[in-house]
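Take a look at the structure set out below.
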Amino acid sequence: QVQLVEFGGGLVQPGGSLRLSCAASGSIFSIYNMGWYRQAPGKQRELDATITSGGSTNYADSVKYRFTISGDNAKRTVYLQMNNLKREDTAVYYCKARAVLTARDRIDDYWGQGTQVTVSS
């Protein structure tokens with residue numbers, strides 16, 4: 001099984017910054033990509049950003065130019081640097097890994113427990 005542990009959430013004022021991290025562990029054969037998703041109250045979970053093992057990134061329009069995703073393949077860790085945070089960024093942020101486990105022949109998505117980000121004055 002894959003375990004994803006997230007760190008870095010908290011309370012920040014509008015315009016402030018936070019840095020999230022997520023480390024994957026378990027019997028992992030390979031990770032194809034990792035990413036961050038948000039879920040605000042009453043809304044569907046949605047993509048913020050993803051990064052592949054090769055370093056290709058993808059961002060939602062709402063966070064482009066404000067957030068930066070990066071990763072460390074050796075540490076199986078992904079980061080999300082969040083700058084110029086807005087009140088509408090308030091949500092639970094979930095880490096996701098798309099991976100193949102050593103005991104499986106298929107690609108599956110695995111999710112962390114989430115970390116709360118609250119942007120408020």
Side-chain angles (χ1 to χ4, degrees):
Q1 188 177 10
V2 175
Q3 183 177 14
L4 301 174
V5 180
E6 299 123 324
F7 296 93
L11 175 65
V12 64
Q13 293 186 351
S17 298
L18 286 173
R19 183 175 174 86
L20 307 182
S21 64
C22 172
S25 62
S27 299
I28 302 169
F29 178 75
S30 64
I31 297 175
Y32 289 88
N33 62 62
M34 296 182 71
W36 291 96
Y37 296 72
R38 70 172 69 182
Q39 189 162 23
K43 297 186 66 178
Q44 188 175 350
R45 191 172 300 184
E46 61 184 39
L47 168 75
D48 284 305
T50 59
I51 184 168
T52 70
S53 60
S56 297
T57 58
N58 181 52
Y59 295 92
D61 289 341
S62 61
V63 307
K64 195 175 299 182
Y65 312 121
R66 297 191 298 123
F67 292 7
T68 301
I69 190 168
S70 61
D72 186 326
N73 288 334
K75 295 181 178 180
R76 291 174 170 173
T77 299
V78 67
Y79 307 92
L80 186 68
Q81 178 67 46
M82 304 184 293
N83 297 326
N84 192 25
L85 284 161
K86 304 175 181 179
R87 289 180 175 86
E88 49 264 44
D89 294 318
T90 296
V92 177
Y93 285 73
Y94 295 91
C95 176
K96 188 196 79 173
R98 178 162 290 180
V100 176
L101 302 187
T102 55
R104 288 178 174 264
D105 292 326
R106 70 183 188 184
I107 301 171
D108 288 303
D109 290 339
Y110 301 90
W111 293 89
Q113 294 299 307
T115 184
Q116 177 71 48
V117 172
T118 302
V119 184
S120 177
S121 59

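These numbers come from the heavy atoms of this one structure, side chains and all, not from hydrogens, waters or symmetry mates.
Gln113 is linked by a side chain to side chain donor-acceptor pair (under 3.5 Å) to nothing, counting only residues two or more places apart in sequence or in another chain. With sequence neighbours excluded, no residue forms a side chain to side chain donor-acceptor pair (under 3.5 Å) with Thr52. With sequence neighbours excluded, the residues satisfying side chain to side chain contact (heavy atoms under 4.5 Å, CB included) with Asn73 are Ser53. Residues passing the side chain to side chain contact (heavy atoms under 4.5 Å, CB included) test with Ser17 are Gln81, Asn83, sequence neighbours excluded. The side chain to side chain donor-acceptor pair (under 3.5 Å) test applied to Lys86 returns no partner, not counting sequence neighbours. Applying the side chain to side chain donor-acceptor pair (under 3.5 Å) criterion to Asp61, with sequence neighbours excluded, gives Lys64.
We find the CG-CG distance between Leu47 and Asn58 to be 5.5 Å, quoted to the nearest 0.5 Å. With values rounded to the nearest 0.5 angstrom, Asp48 atom CG is found 9.5 Å from Tyr37 atom OH. How far CD of Gln116 is from CG of Leu11: 9.5 Å, rounded to the nearest 0.5 Å. Atom-to-atom distance recorded for Lys96:NZ and Asp109:CG is 4.0 Å, nearest 0.5 angstrom. Taking OG1 of Thr77 as the reference point, atom CG of Asp72 lies at 6.0 Å (rounded to 0.5 Å).
The disulfide (SG to SG under 2.5 Å) analysis of residues 5-113, with sequence neighbours excluded, yields the pairs Cys22-Cys95. Within the structure, disulfide (SG to SG under 2.5 Å) contacts touching residues 39-75 (residues at least two apart or in different chains) do not occur. Screening residues 44-88 for disulfide (SG to SG under 2.5 Å) gives no qualifying pairs among residues at least two apart or on separate chains. Sorted by first and then second residue, the disulfide (SG to SG under 2.5 Å) pairs with a member in residues 55-87 form an empty list; sequence neighbours excluded.
Residue Tyr59 belongs to a hydrophobic cluster whose other members are Val2, Leu4, Val12, Leu18, Leu20, Ile28, Ile31, Met34, Trp36, Ile51, Val63, Phe67, Ile69, Val78, Leu80, Met82, Leu85, Tyr93, Leu101, Tyr110, Val117, Val119, with links defined by side-chain heavy atoms closer than 4.5 Å. The hydrophobic cluster containing Val5, built from Ile/Leu/Val/Met/Phe/Trp/Tyr side-chain heavy atoms closer than 4.5 Å, also comprises Phe7.
Heavy-atom contacts from other residues, nucleotides or ligands closer than 6.0 Å to CD of Glu88 number more than 12.
Proximity of a side-chain donor or acceptor of Glu6 to a complementary backbone N or O of Gly114 within less than 3.5 Å is detected. The main-chain N or O of Asn84 is found under 3.5 Å from a side-chain atom of Arg66 such that the two form a donor-acceptor pair.
Taking the centre and axis of the six-membered ring of Tyr79, the NZ or CZ atom of Arg19 falls inside the cone set by 45° and 6.0 Å.
Pairing each heavy atom of Ala91 with each of Arg38, the nearest pair is CB-CB, 3.9 Å. Of all heavy-atom pairs spanning Ser121 and Arg87, the tightest one is OG-NH2, 2.8 Å.
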